[in-house]
Amino acid sequence: MKIAVDAMGGNLAPDHVVIGAAQALKSFTEADSLVLLGDKSVIQASCEKLQISHQLFELHHAPEVIGIDEHPTKALAQKQHSSIAEGFHLLKNKEVRAFCGAGNSGAMQMGALFSVKPIEGVIRPSLAGLVPKEDGGYALLLDTGANTDVRQDVLLQFGELGSIYAANMMGIENPRVALLNLGKEEGRGTLFTQAAYQLYSGSSKVNFIGNIEGSDLFNNKADVIVCDGFTGNVVSKMIEAFYDLLKKRNFLDDFFTRFNYEAVGGSPILGVNGNVVVGHDASSPEAIKNMILLAYRMAETNFYQKIKVAFGD
């Protein structure tokens, strides 16, 4: 099994990627391999500086880099030999089982949409994140930024995609799905969330429990929390901000420590024809390691195929 990672992705690449990749390899079997994509000479120089053998990895030469501030669609079109474009090429051709990267998140999302493409029947693939629960578990939050404006049928599919992920990747039997709303009553929210409530109520594909409010984010009411990408991105960024603020004030315990994105490593893109994980551009080696291991687990369970089966492809 081969897992590919963008060695040039992230603010401190390739050094942090090389360190995190070497750490992740300790959890691989001898038959597995890790492919680092980027300029070979740059990766080899980083390995030499860090005293990590480049022979631990399979190096795939990709001389171009998509910068963190570049326009995703334009950059992918103009830089077809970038580490991100090459990574999706390998994934599309089944040369690797998963691809992950902490570079330009927009380019990672656009690459997933236009290279490996959405699974038939999926209206809009979703970017998912984890929200820690006070009781020790996690809830899945989606969408967290890929789709800012969505119709009610897309919100319904987010619940379906999230349920498949929660059951297969998080081990949650019959996951409870809720709409994140500004009130618990059926008629609250935007026209789209009100219409989505009606669709959920008539669906047998998910275990819908109704609306929840922001005050319910960290309790144990729901396992899958559905919202549009605008709301989800604000929520996920606020969680990161809370962690940074509490750490700065030396006020952390086991629960708040799990607000740290490093513990999760990355966000999976659900609903495309391949296993894709998007990391944080400020990823540390620890975050890179966990991003790779998440991609590895998705590949190990052949996760995207489970969505294809569920959507009848």
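Keep in mind that this is a model prediction, so the values were computed, not measured. Keep in mind that the numbers below use all heavy atoms, side chains included, and drop hydrogens, waters and symmetry copies.
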Side-chain ([X]) to main-chain ([Y]) donor-acceptor, under 3.5 angstrom:
X      : Y      : answer
Asp6   : Ile84  : no
His61  : Lys40  : yes
Asp135 : Gly137 : yes
Asn168 : Ile164 : yes
Gln157 : Gly121 : yes
Ser126 : Ala128 : no
Asn260 : Ala263 : no
Glu134 : Phe255 : no
Arg97  : Ala295 : no
Asn181 : Glu213 : no

Could you work out, with side-chain contact (heavy atoms from CB on, under 4.5 Å) as the rule, every residue matching Ser33, not counting sequence neighbours?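 If we apply the side-chain contact (heavy atoms from CB on, under 4.5 Å) test to Ser33, skipping adjacent residues, the hits are Lys2, Glu58.
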Name all residues meeting the side-chain contact (heavy atoms from CB on, under 4.5 Å) criterion together with Arg124; count only those two or more places apart in sequence or in a different chain, and write none if there are none.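 Expected list: Asn147, Val150, Val154.
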Tell me, do [X] and [Y] make a side-chain contact under 4.5 Å, heavy atoms counted?
X      : Y      : value
Tyr200 : Leu179 : yes
Met8   : Leu37  : no
Phe311 : Glu160 : yes
Cys227 : Val235 : no
Leu140 : Leu130 : yes
Ile212 : Lys184 : no
Val226 : Val177 : yes
Val276 : Met108 : yes

Taking the hydrophobic residues Ile, Leu, Val, Met, Phe, Trp and Tyr, and joining any pair whose side-chain heavy atoms are under 4.5 Å apart, which ones share a cluster with Leu12?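 Members alongside Leu12: none; it stands by itself.
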Which ILVMFWY residues can you reach from Leu245 by hopping between side chains whose heavy atoms are under 4.5 Å apart?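 ILVMFWY cluster around Leu245 holds nothing else.
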Can you tell me how far [atom2] of [Y] sits from [atom1] of [X], rounded to the nearest 0.5 angstrom?
X      : Y      : atom1 : atom2 : result
Met291 : Ser267 : CE    : OG    : 11.0 Å
Ile68  : Ser105 : CD1   : OG    : 6.5 Å
Leu34  : Leu59  : CG    : CG    : 10.0 Å
Leu293 : Met298 : CG    : CE    : 13.5 Å
Met110 : Ser115 : CE    : OG    : 12.5 Å
Glu64  : Ser83  : CD    : OG    : 9.5 Å

Going only through I, L, V, M, F, W and Y residues with side-chain contacts under 4.5 Å, is there a path from Ile19 to Leu36?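 Ile19 and Leu36: one cluster.
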Would you mind listing every ring-ring contact (aromatic ring centres under 6.0 Å, His included) that reaches into residues 175-199, with sequence neighbours excluded?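 Found Tyr197-Phe208.
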Can you list every ring-ring contact (aromatic ring centres under 6.0 Å, His included) pair that touches residues 136-180, not counting sequence neighbours? Tyr165-Phe303
For the pair Met169 and Arg297, evaluate side-chain contact (heavy atoms from CB on, under 4.5 Å) and give the outcome as yes or no after the intermediate values. CA-CA 8 Å; Met169 292 295 297; Arg297 291 196 301 274; 3.9 Å; yes
Looking only at side chains, do [X] and [Y] share a donor and an acceptor under 3.5 Å apart?
X      : Y      : value
Ser46  : Asp15  : yes
Gln198 : Glu186 : yes
Asn273 : Lys117 : no
His280 : Glu240 : yes
Asp254 : Thr257 : no
Tyr304 : Asn275 : no

A quick test of your reading: do over 12 heavy atoms of other residues, nucleotides or ligands sit less than 6.0 Å from [atom1] of [X]?
X      : atom1 : result
Glu48  : CD    : no
Lys92  : NZ    : no
Asp253 : CG    : yes
Met1   : CE    : yes

Trace of the side-chain contact (heavy atoms from CB on, under 4.5 Å) decision for Phe218 with Ile239: CA-CA 11 Å; Phe218 307 114; Ile239 290 174; 4.1 Å; yes
Is there a ring pair (Phe, Tyr, Trp, His ring centres under 6.0 Å) between Phe99 and Phe88 once you walk through the steps? CA-CA 7 Å; Phe99 174 50; Phe88 280 110; 5.0 Å; yes
So Tyr296 and Phe28, ring pair (Phe, Tyr, Trp, His ring centres under 6.0 Å) or not? Walk me through it. CA-CA 8 Å; Tyr296 183 91; Phe28 282 36; 4.6 Å; yes
Begin from the C-alpha positions of Glu286 and Lys289 and carry the test salt bridge (Lys or Arg N to Asp or Glu O under 4.0 Å) through to its verdict. CA-CA 5 Å; Glu286 178 71 12; Lys289 179 193 78 172; 3.4 Å; yes
For Lys79 and Glu70: C-alpha separation, side-chain torsions, deciding distance, then whether salt bridge (Lys or Arg N to Asp or Glu O under 4.0 Å) applies. CA-CA 11 Å; Lys79 296 182 175 181; Glu70 289 191 67; 2.7 Å; yes
